[in-house]
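Note that the structure is predicted; figures quoted are calculated from it, not measured. Below, chain A is the first sequence line, B the second, and so on; all start at residue 1. Values below: all heavy atoms of this structure, side chains included; hydrogens, waters and symmetry mates excluded.
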2 protein chains.
Amino acid sequence: MATIRDVARLAGVSISTVSRVLNKSGYVNSETEREVNKAIQMLKYEPSDVARGLTNKKTRTIALILPDIVNPFFPELSRAVEDVARTSGYTVIFGNSDGQANKEKAYINILKQKYISGIIFASHNLNRDDVEYLQKIDIPFVVLDRAPSQEGCTVVRSNNFEGAKLAVQHLLDVGCKKIAHIYGPQEINTAKDRLSGYEESVKNFKWYSPTLMVPGNFKLDGGMNAAHVLMERHPDVDGIFVGNDLMAVGALKTLLRLGIKVPNQIAICGFDGIHLAEAVEPELTTIAQPIYEMGALAADLLIKKIEGAVVDNRIYELEVKLVPRASTTKEI
Amino acid sequence: MATIRDVARLAGVSISTVSRVLNKSGYVNSETEREVNKAIQMLKYEPSDVARGLTNKKTRTIALILPDIVNPFFPELSRAVEDVARTSGYTVIFGNSDGQANKEKAYINILKQKYISGIIFASHNLNRDDVEYLQKIDIPFVVLDRAPSQEGCTVVRSNNFEGAKLAVQHLLDVGCKKIAHIYGPQEINTAKDRLSGYEESVKNFKWYSPTLMVPGNFKLDGGMNAAHVLMERHPDVDGIFVGNDLMAVGALKTLLRLGIKVPNQIAICGFDGIHLAEAVEPELTTIAQPIYEMGALAADLLIKKIEGAVVDNRIYELEVKLVPRASTTKEI
DNA sequence: TTGAAAGCGCTAACAG
DNA sequence: CTGTTAGCGCTTTCAA
C-alpha cells in the first residue's frame, strides 16, 4: 500500500505538501495541488486512519453500547446510527452490555485505548462515575433515554409520559371501561415514566385500583406471565396498556390462548413501535417512538460534538405517536 | 494517560524492557519484570492499541458486514460474533451493505485503511474480485453461507438442503397431503438450496406441480403475498413449507385473515429459527439453524486465522434441527 | 538480560 | 506557498 511518502516522491514535493492537500489545510499552489492529486490517483493512495489516529487522538470511529442487540428495539436504532455514521465518514463499533455496569466500564476502557472518537450509550447502566470519567478523559458521548447526572450530558429520548397518556386515552376512546397496565423494570427510566403516565391518566376513575398494575420484565415471557396474573385478578378488564411491544405481544399470546377475543373482549396497546408489532395477528396498536430518528439524532449530535461544534448538553425529547391497529379496533 | 515511557521511567528501565514484559517476548529478569509490573499498576497504564496498530498492522478489531441488522436473523448472529470477539480481546465494527456490492466494496476499503484485523461477511454480495482483493491485501476473512469462489475461502453455513427435506418430511408426518413451498430470492444460495430440497422431496408425489412453488422476497410482506397467490392457485393445499421464518409469519398472517385454521386446515413450517417464530400464535414450527453457533464459529475461525493458526479453507457445515411447534401440531 | 535507535504513516509547528 | 523536523506510542532489530 502506498504511503504519503510515495505520493510525495511521485509528485516531486514534500510530504507536508501532500498532507496539506489531503487535509485542505494551509495554502497550496493549485498547480502543485493538481500534481499531488494526480499522484494520489495513480498510486490509489489512501491515508492510513491508524497513523492519523496516532497523531490526532481521533479515529473517525464511534461506539454504540447497548444492552443486547437481540432485543428487537435495538437493531433499528443501530441501523440509524450506522447510516448516519457511514454518511459522515465514521465507522461504528458495537458492544452489548447486558445492562451490566462492569461490562459497560470495561468497554469504556477498551474504547479509550483505541482512541475511539465518541460513544453512544443506549444502555441504562451508565453511572455518575462513568460520566465523570468520560468527561475527564474527554471522550464525547451521547446518552439515549436517560442521563445519570444532568450536567454535561446530551440525552436523546422520547416523551414516555405523554405517550402513556396517549395510550390510555386511546383505549378509553375505543370504549374500554377498565384499563390495566403491565409495566417494565422500574430501574429503567422509560418504564417508570410510562407507569406514571398510566397512573396519572386513570387515578381518578372509580374503577381504578393499584392491583391493575402488574410488573413485567420488558420481555416476551414477562408479558405472557403478567397477562395471566392480570386475568386472575381482574377478569373484567377490557383494555391493557402494556409498557413495551415485546411484552404486549406476550400478553396477546396469553389472551389468545385463553380464548379471549382481542380486541373485542380486551383491547391491547403497546409501546415502542417495533416491527414485531406488525407481525402478529391481530396487529398491535402501539405508541411508536421515532426509533430511527432517535438513533440518527444521537449519531448526529455525537458527530457534531466530535467535530467541535457546540451542542447543548440538554435533553432532546422527541414526540411519540399513536399508531392504531387491529388490536384496539373493536367491531361495533 | 500514561505511556510506555512513563512506565519505563518509573521502573527505571528502558522502554524496550517494558515492551518485552508487555508482550512476553524475549528474556526479562523476573526481578525487573516485577518492577515493571508494579509501575504499570501504579500508573494504571494501558498500551495504546492505535500505536500498536501502526507498528503491527493489526488492531484487534474485526468487522462484521451484513445486509441489514434490522432483518431479524442478524441480531442473534451479531450477538454471537460480539460475544466471542470480546472474550478474545477483539472489538467489532459492524456495517450494513443492503446486499449492494458497491457498499460492500466501500467497506472493504475503509476497513483496510483502519488496519482491521479481519472481516466476517454475512452478506451475499461478495464477488470473486473482492475475494481476490482481500487475499492480495492479506486481510483474513470468513464468509457466511456462501463463497463466491471455492479456493482460499473459509465458509460457515448450515445444511439448507437437508433442512428443507426435513421440513417436508415433517409436514408429511403430521398428515399433509399436498405441500406447497414459498421460496426466497434465487440469487441467495440458501434460498436456492431450500427450494432444491423441497423439489427433491416432493417431485415423485402424484400431487406435485411446479405451480406449488411460489416466489417471495424473504420478508414479511413477501410471505403475505405469496400465501394469497397460493390460496388462489391451490385452495386445497394443506401444508406449506416456507423458505424462511419471516415469510412464514407473513403467510400465517394471510391465512389467519382468510379465516383458515392453522394448523388444522393448513400446517406451516418455516426455516431459520429466529425468535419471531415463537412470538406469533400459533407458534411456528421451524427448521432451526444454529444461528448463535454459526456466528460464534465464524468469529472463532476468523480469530484463529488472524492469530496465525492454520485453519482449513473449507466449508464448515452445521446441522439444522426440526423444532416442532403449534403451527404443525394438528389436532386429531 | 537490557538499552539505543530506527521506523510504522501521518500532522503540525517552524522556518524559509 | 513549501520543505524540514519533531513527535504521536509502540515494536523490533542490533549491540552491548
- Query: Between A:Lys305 and A:Phe141, is NZ or CZ placed under 6.0 angstrom from the six-membered ring centre and within 45° of the ring axis?
  - Reply: yes
- To the nearest 0.5 Å, tell me how far B:Gln289 CD sits from B:Leu77 CG. 9.5 Å
- Task: Look at all strands and tell whether A:Thr17 reaches a base, only sugar-phosphate, or nothing, counting heavy atoms closer than 4.0 Å.
- Result: sugar-phosphate
- In this structure, CG of B:Asp300 is separated from OG of B:Ser88 (nearest 0.5 Å) by 6.5 Å
- Item | Between C1' of C:dA4 and CD1 of B:Ile4, the distance in whole Å | 14 Å
- Query: Atom CD of A:Gln113 to atom C1' of D:dC8: distance rounded to whole Å?
  - Reply: 16 Å
- Which part of the nucleic acid, if any, lies within contact of A:Val50, taking any heavy atom under 4.0 Å across all strands shown: a base, the sugar-phosphate backbone alone, or nothing? nothing
- Under the 6.0 Å and 45° cation-pi test, does B:Arg314 pair with B:Tyr316? yes
- Query: Donor-acceptor pair under 3.5 Å: do we get one between B:Arg20's side chain and the base of C:dG3?
  - Reply: yes
- Message: Which residues in residues 26-40 of chain B have a heavy atom closer than 4.0 Å to any atom of DNA chain D?
- Response: none
- Message: Both B:Leu54 and B:Ser16 contact DNA chain D. Which one's nearest nucleotide lies toward the 5' end?
- Response: B:Leu54
- Task: Can you tell me the distance, in whole Å, between the CD atom of A:Glu46 and the P atom of C:dG9?
- Result: 15 Å
- hbond_proxy A:Ser19 side chain to C:dA12 base (donor-acceptor, 3.5 Å cutoff): no
- Find the distance A:Leu22:CG to C:dA12:P and express it as a whole number of Å. 11 Å
- Any side-chain donor-acceptor pair under 3.5 Å between B:Tyr292 and B:Asp83? yes
- Task: By nearest nucleotide on DNA chain C, pick out whichever of B:Ala51 and A:Arg52 is the more 5' one.
- Result: B:Ala51
- Message: In whole Å, I'd like the distance from the CG atom of A:Leu43 to the P atom of C:dG9.
- Response: 13 Å
